[in-house]
Structure formats: C-alpha cells, structure tokens
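Down below is the structure, laid out as structure tokens.
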Amino acid sequence: MRRSLGPALALLALPAAALGEERFPPPEFSTGYQMPAPTTPPPRAGTLAVLDVVLLAVALSLAAYLVLKRRSRNGVFALMLFSLAYFGFYRNGCVCPIGAIQNVVVAATDRSYALPAVVAAFFALPLLFALFFGRVFCAAVCPMGAVQDVVLARPARIPPWLEHALGLLPYLYLGAAVLFAATGSAFVICNYDPFVSFFRMSGTVKLLSLGAAFLLLSMFVGRPYCRFVCPYGVLLRWVAPWARWPVTITPDTCTQCRLCEESCPFGAIRVPTPEPDPALRHEGRGRLAVLLLLLPVLVAAGGWLGAHGSGRLARAHARVQLADRVWIEEQGKVRGTTDASEAFRKHGHPTEELYREAAELRFRFRDAGRLFGAWVGLVFGLKLILLSIRRRRDNYEADRAACLACARCYRSCPQEHARLGLVIDETEVPDAVDQR
Amino acid sequence: MPSTNGSGRPPVGGSEAAYRACVHIAVFAALFSLVVCGLLVANWLQGRARFPVDPPAMVALKAQLAKRPADEALKARIRRLDREIREEYFGRKAFAEGGSLLLLAGVVVFVAALKGAKRLRRRLPKPGDPPEDPRRIAARARVVVATLGVVALAGLFSLGAGAGRDPAREYARAVGLEERAGRPRRRAASARELARNWPQFRGPGGSGLAAPSARPPEHWDGTKGTNIRWKVPVPLPGENSPVVWNDRVFLSGADEKQREVYCFAAADGKLLWRQPVGTGGAGATPPNVSSDTGYAAPTLATDGERVFALFATGHLACFTLDGKLGWLRNLGVPDNMYGHASSPVLHENRLIIQYDQGLSAEDGKSALLALDTATGQTIWETKRPVPNSWSTPLVVSSGGTAEIITCANPWVIAYDPKTGAEKWRVECLSGDVAPTPIAAGGLVLACNIGAPLTAIRPGGQGDVTQSAIAWSATDGIPDVTSPASNGELVWLVTTDGLVTCYDLKSGAKVWEHSLERMFWASPTVVGDRLYLLDNEGMMHILATGRTFRQLGTAPLGESVNASPAFVGDRVYIRGKENLYCIGR
Ligand code: SF4
C-alpha cells in the first residue's frame, strides 16, 4: 500500500506543469518597440525525417531479433528505454503510427491532401513487421507502450471475460477516429493522446490529468492504453495472427507444466481447451446460427442509429459549431458573440456560405455516422460470433493477436531454462518469472 | 528472511541489505515526489488565482485610462503593474518547469527502486487451481459483450435525441439544403423542351435566335394597349431579361438591401410567387455598382425544374418552379467595376457561371465555375487569366463535343464543360468586354468595341489565334449588345443605333444603317425578321435580307434595357417598371 500511494499522488499532481501552457498578452511598450512578427518553426528537415524512418525500421528489426531470436527480455527492455527516450521524449511522440491512421484516412477521403512519405512509412512499417514477427512494435518500439511498461509494478489479473469486453473499446475508438478524420473535424487520437504531454513536458490540465491517470493505472494494470484504447492495436491485431514467425512461449515442446500460466501481465496466454462435450455441441450450433442471423440486424440498427445521431457528432466540427452559433445569434436567440463568431463577422464572409458549408458537412456526417454505427454493430455482432466458435488448443500458447511480444513469459518456461543452461540439476526449481 | 509471503510463494534471490536499500530509496523518492507535487499544485492554484490575461486591477486601470488618455502617471502605474504580473507569471512558469523535472526524476527513482526491490524478491510461479473452462469464460464474456453492445447502441440513440431543436435544421432550410437525400435527379430538359421555351439569356441556344415556332406579332402599341395581353409592375428594379418556361415567366429584382426572384403566370401576368434571396444573412456587404448595371443584371436560367438567379452581391439562389428554395449560395461579393452582369447558363446538370473579377488579370480573381444544379455544389472551378467582364458564357457543340465559350479582355477561351479544362483560346478582344458571343454557321463570333468582330472556328487546342480565325471585321462594333445571326448573315447594333450586316461565311460587310436610337437590348432573329428594341421601348422590325428593309416599329411606351423573350406567338419585354406580354 505504502509503495503505491506515493507515485499515485505524485502522478496525479503532474498537471501542475500545465501552468506553462497558458497564454499571455504581449506587453504594452511605451517606446516605439516593434514586436517581432510571429514565425512558424521550420518543419523537421528532410534528412532528419528520413533518419526517423530508418531508426524505426532498425528498432523494429532489433525488436524482432531480440524477441524471437535472442528471446531476451533484458534486450527488449533496453530497446524499450531507447524508444521511450528517442521516439517519446526526444521526438515528442510524433510522428507515431497510431496518429498516422488519421493521416491515412484523410488522404483516402480528401483528394487535396497528400500523405507525407514519412507518415506513410510510420503507418505501414509496424504492420509489415507484424506480418512477419507479430507485434514487435508494441514490444519495444512504441513509446506509449514503453512508458506504461516501465511503470508496471504489480499487474493485476483482469478476468478474461472482462478482457474480452474491454478489448472492444479500441474498435470503437478506431471507428470514431476514422469518422472524425474523414469528416475533417479533428484528429481525436492526437487530441486525446494521454502521454504526449509527458513527452513534451507541457500540456493542458485535462490532458496531463488523463496521462497521469493512465500512468497510475499502468502500475497495476498491464498497459491499459495498449490493450483497451489503442486504435492502431486493432490493425496490429488483424495482422499479427498471420505472422510468419510468431512469439512462442516455450522454445521446445509444451509439457503443460502450467508454470507460464500467470506470467503474462497482459492476459495474452491461452490455456489448452478441454475435450469437446458432445452434449453441448448442439446448443453451441443453435447459438451460433442465431448470432449469425443477428449480425445484419445489428449492423443495420447501428447504421440507422449512427445516422440518427450524426447531428450531435457534427457539432465536433468547428465550422458546424460556428454556423450554429452565428445562426442563433442572427435569430436573436442568444445575446453577445463568441470569439469565433466575432472573427467570422469581421472577415465579412457571407453567412449563407457558412450555413451551406455546415449543412453539407452535416450530410457528410450523416453518411459517416451511418458507417460508424454500422461498424459498432458489426464489432459487437462479430465478437459475439467469435465468442461462440470453439477453437481447439492443445498447449499453452500466446494469443497471436493479443501478445505484445514483451518476452516476459519466456523465463517462466522450464524448457527455456534448459535452453539457457540454467537448469543444472533436473530436480532444481526453475528460475522465477521476471516481472520487470 | 521470511520463508513465504502473502502470495504463499517462496521468494528467491537477492540480498536482504540490497532489498532494504531499494525499499528505503523507494520510500524516500515517493516522499520527495509528494512534496514536489504539493508545491507544484500550490503554485498552480496560486497562479490560477492571479489569472494573467485579464487581472481585475489591470482592467480597472485600463478603464480609467480610457477616460483620461493623457494621464502619464496612470500609464506608468499600468506599466508597473503589467511588469509585476508578468514577472510573477514567468516566475511561476519557471517554478513549474523545474518542479516537473524534479517530479519526473523522483518518479523515475521511485519506479527504479521499486523494480529493484521486486527483482530481489522474485517469486516462483506456483500454479493454483486448474484454469477456468474457456467455455465458461466465453459464456460470461458473451453476456458482458452483449450488454456493452446494448449500451453502445443506446449511446448512439441518445446522440440523436433532441435533434429537433437543432439550429442546423433551420439554417439548412434557409439555404435550401434540408432534404437533399433521396431527391430524385431529373433528366436534363430535352432540346425540344428547351426550344419551346426561353430558358436563359438570349434564348434556347444563347445566341439570340428564336425557335422556328416563334410567331410574334409585327405590331403592338403599349401606349394604347394594342396587342398587349397584360402588363404588370415588377416590384424591384433589375436589368435582367425575362426567361420563360411553359406557363411561367421569371425575373429578378434587387436594390442595395434586398434581392427577390419573381414568377409570373404567362397567361395573365399574375405574380405567382416572389421569394427573397439571402435575407437574414449578414456578411455580404453590397458592392458598389453603377446605376446602369444595378444589383440584378444577370438574367435567370431555368432547366424546367429549377430556376437560378445570380445577383451583384454574389448571391446565387436556386428555386423550384413553384418557388421553393432549392439551395442558396454566396459566391463571394464580386470585385467588379460596374457590378456583375454575366448571366448563368445551363449545360446538362451544370450551371455555368463566368465570375470574372478584378481590374487586371494579375489580380487572379476571375474564374469559371460549374455547379451541380441539384445541390449547388461546385463541380469544378477554373481560374481565368482575365480581368472583370460582363459577357455571358455560351455553350456550343463542336464536332459532337460541347465547349463553353467565354469572352473577356483579351481572350476568347473555350472550356470543357465536363472538367473545366481549357481547350483553346484566341487573343482578339480588348477593353471592358460586355457583348456575349454567339454561335452560327459552325463559327463562334465574338466582339467588343475597340476590337474587331472575330469569327472563330471552334474545336482547336491551345492558343489558336493564328489558325482558328476565319475572318474579322472592324465596322459597327458594339460595346453592350451582342450579335445575332440567322446562319447566313450577322447583325451588329451599336449603342448609338448603327446596324451593320455582315456575310457570315466571308465576313464581307453587306449593309449598314443608322436607326439613330440608343440600344442596350440585344437583337433577336425571329424567322425572317430581326427584332431590335431601343432604349425607349420602340421595337424596330427589320427584314433579314441582304438589303436594309424596315418592316415596322412597335412602341412599348416605357423605356427598356433588357432583351425581349420570344416564345410561341408572344413577346415578353421587361420595361423599367413593368413586365409586358405582347401577343395577339
Ligand atoms: S510475450 Fe508472453 S508475456 Fe509478453 S505479451 Fe506475449 S504472451 Fe504475454
């Protein structure tokens, strides 16, 4: 208890740093001092951007090597610290593949937007590596994963049924991120990135509090953002099961000693399935049939509800907010103006064009909302179906989709000890789990 | 060393002293972090209390200064206070930054010490009860997932609740966009339907040539009411000419403050509907226009389903023929010396707008736009290398493909209506270009005072100034009115009444004659007659022969600037005040 209280309070108080973010008006000089004109910081030079991509590729290769070939948790940990320092604190957590999802979506929906090559590379490389080696990006390259992993002190076991349910949240978040990016409203993944304010040592009170809460949680729940929020994790989950060389807990054959059973702080180890019960088979088939029939109903209902609720969603768009505001001001339904409405009026743009733009945006939101709702229905429907399909497993295995390739479980396997030559006497107790 | 711990598993490895050291460091780091945290929070709260943007003391002093602007002592006080606040603010900021770093260090040490201690007290795995049956897990998970699904869908539903009070519904209606979805897309009007009507400026083809079915009277007298079927006042002024679709006649009117579109019954002139355009919409500051041009110079266009009206303020409205707002846009107040006058024209489901602006081509403001007639959305917009102009675009068919012909100083440029891409251009114009080009006998004819009448063979590529000009002629070039042709001869009429007739094939001048009247309305060829309407409302009817022959005149009794519309056995003329329907 004493151990956990200190950092808990410390982390919660980090928002104090937010003071640095508030704005200050320029001073009023009595002399003819000329205020320097605001300048835009130059974009990261081309060569340095390429360096980022090269480092990403090297880090991913190294991660794959350390996880699969060396099977070294220490190596993974060291690489993770490097990634945290470079991609996190030095590069301020940007570009990152998670946020790059939005750039890809905008590039796909807006012809006037060209996807920068660096962003495309950051988006694609981790997926490409996952196709061969599993989620090695999560293991040691992602700074967001690293910061959570580093503070993990006493991982609590999340009941598997809850893990299944919470594991759907990233799908919903991905859907929302795509919706808002495709409608040009916001990059929500970046706006609500809980760790970026730590990497930059500055941010709003809200964001710093969110980050502190996540870090606090990360001490007791293994990588909560990665497992229950990260939208890029969804894409990795789709790709990783096809990995050519996936993580294997044991370097040899599984003897079902059960020693690795609780070694994964992320609940990614799957136990062997019991013998099928013929009596239950019939019931299972019936349920599956019902759920298969339910799927299109859920998709349609979600689509309808999404379109129905799209008006509210559209208010996330600044132009829609402005149009709403200008309209109620014009209609005399509110008194006074907001900064945005005042700026709009000063600019002298015709209000009709604003209304048109906002009305058109709402049509876009209706289409996007319909797709989002259908996606929500699809996610839940498919999950229910997947939960009703029996899969056979004879050994203890890392779930390829969920495994973050952290290499923690290796040392819990006696075969690994044998491989490393740590077991001198057959009767000796194997070394313990390294829960770093 | 205890043999077991809380989890019942024996700890392994690590010396006791090292373990204790780790624990002590962790405790110290935690305490240190807590203290730093406390200080940071206090600093933040104090900083918030003295919010730096509008501190009340400063606001009060500034209010005093507004009353006594020359009070130097007050100014000095303000500066002093400003400096104090600023210093405190940046002091706190530096404190927060330093504190954050210390806090970070404290947390890092704490986590490292904790992990060290943990490593020194590693526990052996000890499998407990057999793992839970995956079927049971799945069953429980299904219940939770289903519940979560219901919650998610309910969340979506709750988003839509209260949508009735959404202001968006109201303003979407105001710009005519509230029910776009599901609106069936109507096929474009057929050539036959177009020919039966007068759908845009200068009639069905846009070249001032009435349909062969037109049989207007040869005589009328507005002062006596002879052959005047009806005459109705038009509420607001406007220089636009009537357009006609079946039983309806459309006009627009505007002054500095208001804009309206009118629909009159062709049968009796009854005002069927009048609709305001862009009311309640601030933002569009009315431009300066000359009194000759006014705020409603562009003639309307109709596709038989909707009618489109453009105003000098940049307002562009689409109404159904029944007067329901289809959509409303504002293209931005045009930067036009005299006021925008170019009329919108239609091609298939596109509304083409020549939006030339600026005193010189370098201003880069001019553009040609194609909008979706159903939604008003811009399909394409092509920048034009020209200054402001007053000429209406013309859609011609050349070799089976359509081209949009535009005139402005110094270019006649043709565009592809599908993409807006430029096809060809000819340098042959100068000055403030107002006459609209016409198409006749496979040629495009463009002119403006100060430049010749140029006959161009359309269908080229690139700058075809050297190759595409069939002929050019320099006499009797108008500065306002547009040419007219019957496919054999071309007529021009200048503002001061000089009518010049050219041979369309050779460009040779056939005859010229001065009517000694002022003309702003463009001539129209109706069968074997040429109708010329002067500014006093007198219609001069000439034979379309190779010699000048006046067949008659018909007075309206009211001055006129707009061009008449010829549909069936009727002529519609917009006088300064009234709309006339002439027919036997
Ligand atoms: S490598 Fe092992 S411990 Fe790490 S996430 Fe995968 S299964 Fe869990």
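First the proteins, then the strands, lettered A, B, ... as listed; each starts at 1. Computed from heavy atoms alone, side chains included, the values below leave out hydrogens, waters and symmetry copies. Here the structure is a predicted model, which means the values were calculated and not measured.
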Item to check | A:Phe372 and B:Leu156: CA distance, side-chain angles, deciding distance, side chain to side chain contact (heavy atoms under 4.5 Å, CB included) verdict | outcome: CA-CA 10 Å; A:Phe372 173 66; B:Leu156 278 180; 3.9 Å; yes
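For chain B, no part of A:Val326 is nearby; none of its heavy atoms comes within less than 4.5 Å. Residue A:Ile328 touches chain B through its side chain alone, counting heavy-atom pairs closer than 4.5 Å. Both the backbone and the side chain of A:Arg356 come within less than 4.5 Å of a heavy atom of chain B. Contacts between A:Arg287 and chain B at a heavy-atom distance below 4.5 Å involve the side chain alone, from C-beta outward. No part of A:Ser310 comes within reach of chain B, as not one of its non-hydrogen atoms sits under 4.5 angstrom from that chain. In this structure, chain B has no heavy atom under 4.5 Å from any part of A:Lys346. With a threshold of 4.5 angstrom between heavy atoms, B:Arg83 does not approach chain A through any atom at all. Contacts of A:Val151 with chain B are made by both backbone and side-chain atoms, with heavy-atom separations under 4.5 Å. For a residue to count as touching a neighbouring chain, one of its non-hydrogen atoms must lie under 4.5 Å from one of that chain's; by this rule B:Leu39 does not touch chain A.
Residues B:Gln377 and A:Glu360 have side chains in contact (heavy-atom distance under 4.5 Å, counting atoms from C-beta outward).
Here the closest non-hydrogen pair linking B:Val145 and A:Phe380 is O-CD2, 3.5 Å.
For the atom pair CG (A:Leu162) and CZ (B:Arg140), the distance works out to 11.0 Å, reported to the nearest 0.5 Å. One distance of note links CG of B:Leu104 with CE of A:Met201; it measures 5.0 Å at 0.5 Å rounding.
For the set B:Phe157, B:Phe32, B:Phe95, the entry with the most heavy-atom pairs within less than 4.5 Å of chain A is B:Phe157.
The residues B:Glu170 and A:Lys333 are annotated as salt-bridged, a charged nitrogen and a carboxylate oxygen being separated by less than 4.0 angstrom.
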